[in-house]
Structures are given as structure tokens and as C-alpha cells.
Number of protein chains: 2
Amino acid sequence: MVRPTLAKQIPNLQQAIKEAAWRHIARAGAPALSLRAIARDLKITAPAIYNYFPDRDALVTSLIIEAYTSFGDSQLAARDAVPAQDLIGRLTAIGLAYREWAHRFPQRYQLIFGTPIPGYQAPMMEVMPSAARSLGVLVSVVEQLRRAGRLKVRSFPKVKAEFQAGFEMWKKYGGEADILSLSISMVIWARVHGIVSLEIAGSLPPFGASGDDLYLYEINSITRQFMKE
Amino acid sequence: MVRPTLAKQIPNLQQAIKEAAWRHIARAGAPALSLRAIARDLKITAPAIYNYFPDRDALVTSLIIEAYTSFGDSQLAARDAVPAQDLIGRLTAIGLAYREWAHRFPQRYQLIFGTPIPGYQAPMMEVMPSAARSLGVLVSVVEQLRRAGRLKVRSFPKVKAEFQAGFEMWKKYGGEADILSLSISMVIWARVHGIVSLEIAGSLPPFGASGDDLYLYEINSITRQFMKE
DNA sequence: TTAATAAATATACAGTGTTTAGTTATAAGG
DNA sequence: CCTTATAACTAAACACTGTATATTTATTAA
């Protein structure tokens, strides 16, 4: 006396729910995500979704993890497409891939790095692995530059003492990296995020012929300021 | 046969609605803003608000303009607190004031620069004046540096041709400024926004004893990279 | 065949923004 | 002073939302 099959017409409902959610997000943005609209799409009732996700936030968390994974894949692919010796080339490549992914999936970018769902706060414990994997690509390249003695920083602000612990957690997921590498990665991330988030919000006009000249300028500023050679 | 007074107990309902809205935003964040909750606060019914704002988005727009004004005030005050001769000092001052304001009013910062209201898109025509006034403070200092021949840029990416027109609009509001000054202001803005937005979202740990060392580091990076002397 | 059970539905509740119709209060004109 | 025009407000309803509860359906194992 156990369980019946889950599927009638739809073989994998859990997956189908997420796919329908992505369709809605792509069309109307993350805030417009509605369980009832998803249910209508799949010709089921809204409470049926609760068999696969405890509540709407859990669905959103699941989507965020998927987005981080997609983002991380593109970061890894960009890094590994450049020879391991060419660290500056790798840094540039992941920088460009960062913007490219964000522009290809602006709604996903806002889902991850913005706060587009009203009362939602991402549960760090669940999201951390996929988040650290994606942002860890940058850290890994910076760390290798540091080990090669090619970091051009005389002094750098230290993380506040009581946050050192939380910072150490990153090391677990992102591979063994020095605090300095993590800190510099944060600055780089902030700079890149600054431009990309304003671009996506439509607050920055496109610079240059293909609209990415300002971004390239910043990527070069970063390498010139922080890296030797 | 004309019009009656608008107020019974509440002398200025329009203002009272906005104040109640700010209270809710400060407590629960912008996405939690609810016309019915505001109405409950003021002991009126929700549709009564429609006598003062055509819809919820109009109320939000009004709040955004108020926020920009408050932000602009703090920018102007910071700039004018430093002697006009000390342009680098002025640049540093408005940079610090930017972060200070954002940390004092994180909800307002997200209201302006994030996208915290589900379907809302700010109407540029209405918001532009107050937005340009506040961001124009940065532009004005950069422009004065340019006129003094103290901009350290060999080449800088140009704004895409078809956006030149929209860029010219900024000049109307932000005072007469060269396109180069506007462009450099954009980069500076993006860098500052990158850190501040991540800080406010809780994604950046505090650096240094008072948590602003990383920000100071970036402000100095900006002046060292773009300005002479 | 029967009993167990996962999965779906039906229904309901409390909340939202907004529309419509009707009411109230005020101020001016005759 | 009293009527009338009208701005401002309320009451009720509509179409939504997420979610809880109870019930039904369908499947599978005993």
C-alpha cells in the first residue's frame, strides 16, 4: 500500500512547474510570478503546486538555484576556454561572460542579484553552494594571480573581524583562497555589478558602437589597477 | 456652487498619505506598500486615496520624486560644505554623502535605484528633473575638473550615436556639461552604485573597522585614476 | 478485492488594486 | 435662507493573489 504515479498527462510536474515559471518570468519579469497563472498554464489547480513546493518562496529559491547554476556554467566555460597560463585573459573572459549572461537573461540577473520578489529573502544555506560556485570562478582566477605574485596591491582594507567567519565559509565552497583574493574579488564584482545592473535597469546609455565599450574600459581599468604585467 | 474643503480631521490628506506610505516603506520595505494599509492607518477607505493619486503607481512616483529630492539635498549640502577650489575634496565629499544617504535610507535607495515595486516603471518625464538635480551634483564637479584641465583620461568610450539625444537632455537639467564629463560621471556613478547596492542588499561584508574602508578605497581609486594632482 | 496513500481538486479565507454607484458635506448663487 | 452644484468620501463589488483545509480521485500493494 504505497504510492501512485505522479503524472497523468505531464510526466514530470515539478520540472514543468519550473519551466512554466521561467516562461512567465521571461515574459513579465520575476515580480509577476503567480502560482495561479502557472497552474492555469499547466491546466491544474493552484494548490496542486503545493505537492511539489511547500510555498511560493520555495519555488523561487529553486529558480534562483537554477539561475545560479546557469550563470556558474557560463563563468566556468568562459574561464576554461582560455589557457590556464593566460590569467589576465581568463579574468577578461569571465568579465565579458558576466555581462553577456546578464544581458541574455536580464530577468534571471535581477532574480539573483536584485530583490524583485516582494517579501522574499533567499535562504543563504540553500543558495550558497550554487552561488559560491558561480562567483567562485572569479575568486579562483584572482587567487591564482595572487599565488603567481601578480597582484598589484600595496594595502587593502580588511574584512571586519566579526565577519571573518562568514567570509571563511566562502573558502569552503570557492576553493582554498586567501582573504586578500576574496576581498579583491569583491571589489571587482562590485564594479562589474555596478555597470551591469544599471545597464539592465535601463539607467545607462550604451557606450561605443556595440554598446559594450564602457564595460571593456572598466575591465581594462580593473586589470591595470590590480594586476601586474 | 464650487468646491468644499478637502479636510475633516486631516488637514492635508495628500501629504498625510505620503507620510503614511513612508512609514510603511521604512518598516516593511517598498514592495509591502499597500493602499489599503495606508487607508487603514489614516482611518479612511482605500478608494478615497484615488482622489489624490490616480493610482498606486502615481503615489510611488510621487514618493520617488521626494526621495530624489532628499538625496539631491544631501548631495548639494555635501558639495557646498567644501570650498569650491578644492574640487577633489568636493568629489570625495559627495561620494561619502552618497553612501551615507543610502545607508540612512536603504529603502529609499532601493525605491529609486532598484525595482522593488512589482509592475512599476518610473515615468522618466516626471522623475527626470529631481533625478538629474541629484545626480547632476556629481556631473557639476567632474565638469569643473574638466574645465580646469584636471581630467586624466586619454581616451574614453563615446555614447552610442542614437542615444546622444537622450544624453543631451541631461545637460539641460544638470547644467551645461561636456559629454566627456557626463560619461565619466556615469562610470563613477556605476562604481559607487555597485558597492552601495551590494552593501544594502547584504551581499558585501563590512570592510575595515567602521565598515566603510572598502568604499574609501574605491573613492580614492576613482580620484587617482581619473583626476590629476 | 480491499485497504492504504499520494496527488489532485473544491472550497474558503484574507489580502491586494481598482471600478462603480451612491452618499455626504461644503460653498456659492439666487 | 435655501437650493444646487460638486468635490470628497463610503459601500460594495470585481478580479486577482497566496495559502489552508477538507474531500475526492487514482493508483498500487497486500
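Every chain is numbered from 1, with letters handed out A, B, ... down the list of sequences.
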Return the value, rounded to whole Å, for the distance between atom CD1 of B:Ile117 and atom C1' of C:dG17.
14 Å
Under the side-chain contact (heavy atoms from CB on, under 4.5 Å) rule, collect the residues that match up with B:Pro206, sequence neighbours excluded.
A:Lys160, A:Phe163
Out of curiosity, B:Leu13 CG to B:Ile49 CD1, how far, rounded to the nearest 0.5 Å?
8.5 Å
Go through the structure and list residues passing ring pair (Phe, Tyr, Trp, His ring centres under 6.0 Å) with A:Phe105, not counting sequence neighbours.
A:Trp101
Report the distance from atom CD of B:Gln14 to atom P of D:dC9, rounded to the nearest whole Å.
11 Å
Using whole Å, report how far CG of A:Asn51 lies from C1' of D:dA20.
13 Å
Could I get the full list of salt bridge (charged side-chain N to carboxylate O under 4.0 Å, His left out) partners for A:Arg40, not counting sequence neighbours?
none
Please report the distance, rounded to the nearest Å, between OH in A:Tyr52 and C1' in C:dA7.
6 Å
Quick one: side-chain contact (heavy atoms from CB on, under 4.5 Å) partners of A:Asp73, sequence neighbours excluded?
A:Thr69, A:Arg133
Could you pull out all residues at least two apart from A:Asp80 that satisfy salt bridge (charged side-chain N to carboxylate O under 4.0 Å, His left out)?
A:Arg90
Among all residues two or more places apart in sequence or in another chain, which pass the salt bridge (charged side-chain N to carboxylate O under 4.0 Å, His left out) test with A:Glu199?
A:Arg99
Nucleotide C:dT9, atom C1' - distance to CG of A:Leu13 in whole Å:
14 Å
Between the two ends of the helix from C:dT1-D:dA30 to C:dG30-D:dC1, what is the bend in degrees, rounded to 10 degrees, where each end axis spans five pairs?
20°
List the atom pairs, donor and acceptor, that lie under 3.5 Å between side-chain atoms in residues 180-192 of chain A and the rest of the protein, sequence neighbours left out.
unit_1: A:Ser181; atom_1: OG; unit_2: A:Glu143; atom_2: OE1; d: 2.6
unit_1: A:Ser181; atom_1: OG; unit_2: A:Arg146; atom_2: NE; d: 3.4
unit_1: A:Ser183; atom_1: OG; unit_2: A:Ile179; atom_2: O; d: 2.9
unit_1: A:Ser185; atom_1: OG; unit_2: A:Ser181; atom_2: O; d: 2.7
unit_1: A:Trp189; atom_1: NE1; unit_2: A:Tyr98; atom_2: OH; d: 3.2
unit_1: A:Arg191; atom_1: NE; unit_2: B:Glu218; atom_2: OE2; d: 2.8
unit_1: A:Arg191; atom_1: NH1; unit_2: A:Gln225; atom_2: OE1; d: 3.3
unit_1: A:Arg191; atom_1: NH2; unit_2: A:Gln225; atom_2: OE1; d: 2.8
unit_1: A:Arg191; atom_1: NH2; unit_2: B:Glu218; atom_2: OE1; d: 2.8

Pairwise N/O distances under 3.5 Å, protein to nucleotides 15-19 of chain D:
unit_1: D:dT17; atom_1: OP1; unit_2: A:Ser34; atom_2: OG; d: 3.0
unit_1: D:dT17; atom_1: OP1; unit_2: A:Arg40; atom_2: NH2; d: 3.2
unit_1: D:dT17; atom_1: OP2; unit_2: A:Arg40; atom_2: NH1; d: 3.4
unit_1: D:dG18; atom_1: OP1; unit_2: A:Leu35; atom_2: N; d: 2.6
unit_1: D:dG18; atom_1: OP2; unit_2: A:Leu35; atom_2: N; d: 3.2
unit_1: D:dG18; atom_1: OP2; unit_2: A:Arg36; atom_2: N; d: 3.1
unit_1: D:dG18; atom_1: N7; unit_2: A:Arg36; atom_2: NH1; d: 2.4
unit_1: D:dG18; atom_1: O6; unit_2: A:Arg36; atom_2: NH1; d: 2.7
unit_1: D:dT19; atom_1: OP2; unit_2: A:Tyr50; atom_2: OH; d: 2.7
unit_1: D:dT19; atom_1: OP2; unit_2: A:Arg56; atom_2: N; d: 2.8
unit_1: D:dT19; atom_1: O5'; unit_2: A:Tyr50; atom_2: OH; d: 2.8

